[in-house]
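Bear in mind the structure is a predicted one, so any value in this text is a computation, not a measurement.
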Amino acid sequence: MAARRLKRGWYVAGGIALAVLLWFGVPPIGRSLSFFRIRRIEFNGLTHLTADRLVPMLQLSDRASLFDPVDGMESRLKTVPGIVSAVVHRRVPGTIRIDIAEAVPVALAASGSAMVLVDNRGRTLPFDPTVSAPDLPVLARPDSVIAGVLATVREVDPALFARISSAWRSRKDVVLEVDSRRYWFRPDASAEAILAVTAVAADLARLGRNYKELDGRFAGQVVVRWKAA
């Protein structure tokens with residue numbers, strides 16, 4: 001019995017030693033072999049950005065190996081405006097696949113004589129709006145407060161978000177134009193407030209009642225205005 005336990009112990013020790021050898025030995029050996037040179041780069045998740053713009057950020061030499069560290073590549077890609085995350089995967093013998101998560105535009109905003117896309121914080125994104133032709137709310141200028149409200153609406157009620165044509169500020173509050181009507185929200189609009197407004201809108205539509213504004217700025221209630229304020 002003791003001999004069997006001793007033999008089992010040698011197997012475990014041998015397995016650990018082999019794992020350590022592979023962990024520390026394979027990468028240096030692999031980097032020296034041309035078989036593991038990186039020959040193919042695949043990007044997954046690109047919608048607005050292009051691979052041509054991102055490849056230089058990888059800083060790959062002609063002798064770049066599949067076993068080279070990837071932390072630097074991921075860090076450099078994350079510095080590109082419009083990229084939220086980047087994860088590099090290796091595939092033998094010489095392919096790296098990079099999963100990219102881009103920032104999601106929530107609005108089009110005027111910037112000088114052009115229109116730009118903005119994210120949920122009101123930051124300008126380096127995406128060409130003429131390429132993807134997004135159907136998004138229009139802002140007079142990039143605005144973090146309006147963008148934040150739009151992002152919340154998009155998350156809570158995508159159908160309502162799709163119907164917003166424009167948005168603007170009225171002092172500290174945010175006004176959304178929806179089907180030629182106005183929906184009012186506080187700058188910190190909650191999911192409950194947004195759902196309450198959409199519920200009232202659905203009730204009024206069912207009753208065939210025409211209105212001009214729905215005001216969701218008050219706790220626990222929605223104010224209906226038959227004429228615009």
| message | Among residues at least two apart in sequence or on other chains, which ones pass side chain to side chain contact (heavy atoms under 4.5 Å, CB included) with Leu195? | response |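 For Leu195 the side chain to side chain contact (heavy atoms under 4.5 Å, CB included) partners, ignoring immediate neighbours, are Val156, Thr198.
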Going by heavy atoms in the side chains, are [X] and [Y] under 4.5 Å from each other?
{"X": "Val92", "Y": "Leu66", "result": "yes"}
{"X": "Val224", "Y": "Leu214", "result": "yes"}
{"X": "Pro137", "Y": "Ser166", "result": "no"}
{"X": "Gln59", "Y": "Met73", "result": "no"}
{"X": "Leu150", "Y": "Asn120", "result": "no"}
{"X": "Leu160", "Y": "Leu176", "result": "no"}
{"X": "Arg90", "Y": "Val70", "result": "yes"}
{"X": "Trp184", "Y": "Arg225", "result": "yes"}

| message | Would a single hydrophobic cluster contain both Ile38 and Val55, if residues Ile, Leu, Val, Met, Phe, Trp and Tyr are joined by side-chain heavy-atom contacts under 4.5 Å? | response |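 Yes; tracing contacts between hydrophobic side chains, which count when under 4.5 Å, links both residues.
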| said: Under 4.5 Å between side-chain heavy atoms, counting indirect links through other Ile/Leu/Val/Met/Phe/Trp/Tyr residues: same cluster for Leu46 and Leu117 or not? | reply: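 Linked within one cluster.
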Shortest non-hydrogen separation from [X] to [Y] and the atoms involved:
{"X": "Ala140", "Y": "Ala110", "value": "O-CB, 3.3 Å"}
{"X": "Ala86", "Y": "Ile100", "value": "CB-CD1, 3.7 Å"}
{"X": "Arg53", "Y": "Pro56", "value": "O-CD, 3.6 Å"}
{"X": "Ala193", "Y": "Gly216", "value": "CB-O, 3.8 Å"}
{"X": "Pro142", "Y": "Gly122", "value": "CB-O, 3.5 Å"}
{"X": "Gly82", "Y": "Leu125", "value": "CA-CD2, 4.1 Å"}

Can we say [X] and [Y] salt-bridge, meaning some charged N sits less than 4.0 Å from an Asp/Glu carboxylate O?
{"X": "Asp119", "Y": "Arg121", "answer": "no"}
{"X": "Glu42", "Y": "Arg91", "answer": "yes"}
{"X": "Asp173", "Y": "Arg186", "answer": "no"}

| message | Assess the residue pair Ile98 and Ile41 against the criterion (side chain to side chain contact (heavy atoms under 4.5 Å, CB included)); give the C-alpha distance rounded to whole Å, side-chain angles, the decisive distance to 0.1 Å, and a yes or no. | response | CA-CA 8 Å; Ile98 305 171; Ile41 303 170; 4.2 Å; yes
Ignoring hydrogens and geometry, is there a side-chain-to-backbone donor-acceptor pair from [X] to [Y] under 3.5 Å?
{"X": "Glu102", "Y": "Leu49", "answer": "yes"}
{"X": "Glu74", "Y": "Val88", "answer": "yes"}
{"X": "Arg181", "Y": "Lys212", "answer": "no"}
{"X": "Arg76", "Y": "Met57", "answer": "yes"}

Atom [atom1] in [X], atom [atom2] in [Y]: separation rounded to 0.5 Å?
{"X": "Arg63", "Y": "Arg37", "atom1": "CZ", "atom2": "CZ", "answer": "4.0 Å"}
{"X": "Asp179", "Y": "Ile164", "atom1": "CG", "atom2": "CD1", "answer": "10.0 Å"}
{"X": "Leu77", "Y": "Leu58", "atom1": "CG", "atom2": "CG", "answer": "5.0 Å"}
{"X": "Glu213", "Y": "Glu177", "atom1": "CD", "atom2": "CD", "answer": "11.0 Å"}

| said: Is the positively charged end of Arg97 above the ring of Phe43, judged by distance under 6.0 angstrom from the centroid and angle within 45° of the axis? | reply: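 No - Arg97 does not lie over the ring of Phe43 by the 6.0 Å and 45° rule.
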| Face-on cation placement of Arg209 at Trp226 ring, 6.0 Å and 45° thresholds |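 Yes - Arg209 lies over the ring of Trp226, closer than 6.0 Å to its centre and within 45° of its axis.
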| message | For Glu155, is the CD atom crowded, meaning more than 12 foreign heavy atoms sit under 6.0 Å from it? | response |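 Counting neighbours around CD of Glu155, 12 or fewer heavy atoms of other residues, nucleotides or ligands fall under 6.0 Å, so no.
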| query | How about Arg39: does its CZ atom have over 12 heavy atoms from other parts shown lying under 6.0 Å from it? | reply |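 Correct, the count exceeds 12.
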| said: Under the criterion side chain to side chain contact (heavy atoms under 4.5 Å, CB included), I'd like the reasoning laid out for Ile83 against Leu54: C-alpha separation, chi angles, the key distance, then a yes or no. | reply: CA-CA 10 Å; Ile83 289 184; Leu54 300 183; 3.8 Å; yes
| request: Report the C-alpha distance between Leu108 and Leu139 in whole Å, list the side-chain angles of each, state the deciding distance to 0.1 Å, and finish with yes or no for side chain to side chain contact (heavy atoms under 4.5 Å, CB included). | output: CA-CA 6 Å; Leu108 279 161; Leu139 313 182; over 6 Å; no
| said: For Asp128 and Thr130, which I'm curious about, is there any donor-acceptor pair between the side chains at under 3.5 Å? | reply: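 Yes, a side-chain donor-acceptor pair sits under 3.5 Å.
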| task | With sequence neighbours excluded, give me every ring pair (Phe, Tyr, Trp, His ring centres under 6.0 Å) pair touching residues 71-130. | result |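 Pairs touching residues 71-130 that pass the test: His48-Phe127.
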| said: If we check side-chain contact (heavy atoms from CB on, under 4.5 Å) with Arg154, which of these qualifies: Val149, Leu136, Val104? | reply: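 Answer to the side-chain contact (heavy atoms from CB on, under 4.5 Å) test with Arg154 among Val149, Leu136, Val104: Val104.
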| request: Decide yes or no on side chain to side chain contact (heavy atoms under 4.5 Å, CB included) for Arg141 and Trp168, but give the supporting numbers first. | output: CA-CA 9 Å; Arg141 65 186 62 84; Trp168 62 91; over 6 Å; no
